[in-house]
S.K.: 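Submitted below is the structure of interest, expressed as structure tokens.
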2 protein chains.
Amino acid sequence: MKLSPVLFAKAIADETRQNIMKLVCCKWLSVSEIVEKVGYSQPTISHHLAILRDAGLVNIREEGKQTFYSLNQENIAVCCGQLMIKFAPENKVTEAIVKVVNA
Amino acid sequence: MKLSPVLFAKAIADETRQNIMKLVCCKWLSVSEIVEKVGYSQPTISHHLAILRDAGLVNIREEGKQTFYSLNQENIAVCCGQLMIKFAPENKVTEAIVKVVNA
DNA sequence: TGATTATATAGAAATTTGTCTATTTGTCAA
DNA sequence: TTGACAAATAGACAAATTTCTATATAATCA
């Protein structure tokens with residue numbers, strides 16, 4: 001799984017996708033459940049989920065006819081950490097993260 | 001200055017802008033210097049700089065005819081922290097950040 | 001003042017993105 | 001096996017984005 005700063009940024013650079021991410025942040029939801037809550041068509045939701053999938057930001061579980069998605073918090077934390085190290089290397093919070101990661 | 005997760009993500013969701021960000025990460029550069037290094041036209045660079053400015057990601061210093069830009073590492077760290085708290089709240093690195101910020 | 005330089009703004013063209021409808025694929029139940 | 005349901009894919013279209021050239025604005029210098 002490639003986690004690049006640009007791919008990550010593109011994936012989260014859309015309000016609808018951030019809404020979906022918040023929905024599945026701490027629980028598994030099927031595509032239909034996400035469709036219901038977000039209010040866009042099912043293909044539109046599938047499209048957004050595919051973008052999140054390609055960026056490595058969601059976990060996927062297939063169960064019969066249904067597919068469940070949940071947020072991959074680990075990868076999101078890694079991407080945010082990469083961004084901070086790349087673009088805020090002299091910041092004290094970044095330095096604290098580096099310490100945690102290297103510990 | 002409004003620092004929203006979507007505005008931040010849109011601002012960094014472009015390879016050229018990330019290149020510019022890397023260039024001015026730890027030093028002040030004039031627009032002409034950035035143009036030279038990035039290789040796009042001056043208006044294109046000005047446009048990208050305006051997007052970074054509107055997202056609160058750069059510091060600006062005017063000096064005579066020239067305008068110098070440098071990355072606002074503080075705001076970038078804040079935005080990344082917001083993203084982590086919003087989308088990776090259960091991650092141990094996020095928890096470490098929260099501790100640092102609250103300390 | 002007039003010429004030159006640095007940057008920003010305006011406007012246009014090409015590309016990318018987000019959304020939809022229609023269709024396909026895959027799974028389950030009768 | 002047939003029908004129904006869930007999700008993915010294809011294709012079209014509108015809106016947004018990225019880039020360019022041309023022009024405007026502002027500062028400096030002869």
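Only this structure's heavy atoms are used, side chains among them; waters, hydrogens and symmetry mates stay out. Chain naming here is simple, since letters A, B, ... match the order of the sequence lines and numbering starts at 1 in each.
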S.K.: Pick the nucleotide of DNA chain C nearest each of A/Pro43 and A/Glu62; which residue has the one closer to the 5' end?
M.R.: A/Pro43
S.K.: Report yes if at least one side-chain N or O of A/Thr44 is closer than 4.0 Å to OP1 or OP2 of C/dG18; otherwise report no.
M.R.: no
S.K.: Measuring only between side-chain heavy atoms, which start at C-beta, is A/Phe8 closer than 4.5 Å to A/Cys80?
M.R.: yes
S.K.: In whole angstrom, give the distance that lies between atom NE2 of B/His47 and atom P of C/dA12.
M.R.: 16 Å
S.K.: Can you tell me how far C1' of C/dG26 sits from CD of A/Gln66, to the nearest Å?
M.R.: 13 Å
S.K.: Counting distance alone, no hydrogens or angles: does the base of D/dA6 have a donor or acceptor under 3.5 Å from a partner atom on the side chain of A/Gln42?
M.R.: no
S.K.: Would you tell me if any nitrogen or oxygen in the side chain of B/Thr16 comes within less than 4.0 Å of OP1 or OP2 on D/dT19?
M.R.: yes
S.K.: Between atom CD1 in B/Ile20 and atom P in D/dT19, what is the gap in whole Å?
M.R.: 9 Å
S.K.: May I ask you to evaluate whether B/Arg53 reaches the phosphate of C/dA8, defined as a side-chain N or O under 4.0 Å from OP1 or OP2?
M.R.: no
S.K.: Is there a side-chain polar atom (N or O) of A/Arg17 under 4.0 Å from OP1 or OP2 of C/dT17?
M.R.: no
S.K.: Measure from the side-chain heavy atoms of B/His48 and tell me the nearest of D/dC5, D/dT18, D/dA8.
M.R.: D/dT18
S.K.: If you check every side-chain atom of A/Lys65, which of C/dC20, C/dT27, D/dT28 has the closest atom?
M.R.: C/dT27
S.K.: For a side-chain contact (heavy atoms from CB on, under 4.5 Å) with B/Phe68, tell me which candidate from B/Glu33, B/Lys27, B/Glu62 qualifies.
M.R.: B/Glu33
S.K.: Could you work out which one of C/dC20, D/dT19, D/dA8 sits closest to the side chain of A/Val31?
M.R.: D/dA8
S.K.: Is there a donor-acceptor contact under 3.5 Å from the side chain of A/Arg17 to the main chain of A/Lys10?
M.R.: yes
S.K.: Using whole Å, report how far CD of A/Gln18 lies from P of C/dG18.
M.R.: 12 Å
S.K.: Find the distance A/Leu49:CG to C/dG18:P and express it as a whole number of Å.
M.R.: 13 Å
S.K.: Using the side-chain heavy atoms of B/Ser46, tell me which of these nucleotides is nearest: D/dT21, C/dA8, C/dC20.
M.R.: C/dA8
S.K.: Take the protein atom OH of B/Tyr40 and the nucleotide atom P of C/dT15, then report the distance between them rounded to whole Å.
M.R.: 13 Å
S.K.: Do any N or O atoms from the side chain of B/Gln66 and from the backbone of B/Ser30 form a donor-acceptor pair under 3.5 angstrom?
M.R.: no
S.K.: For A/Ser41, report the nucleic acid contact type (base, sugar-phosphate, nothing); a contact means any heavy atom under 4.0 Å.
M.R.: base
S.K.: CD1 of B/Ile12 versus P of D/dT17: gap in Å, rounded?
M.R.: 15 Å
S.K.: Roughly, in whole Å, what's the span from CD1 in A/Ile51 to P in D/dA8?
M.R.: 13 Å
S.K.: Before accepting this row, confirm whether a basic side-chain N of the pair A/Arg61/A/Glu63 lies closer than 4.0 Å to the acidic partner's carboxylate O.
M.R.: yes
S.K.: Looking at every strand, decide which applies to B/Phe68 at a 4.0 Å heavy-atom threshold: base, sugar-phosphate, or nothing.
M.R.: nothing
S.K.: May I ask you to evaluate whether B/Tyr69 reaches the phosphate of C/dA8, defined as a side-chain N or O under 4.0 Å from OP1 or OP2?
M.R.: yes
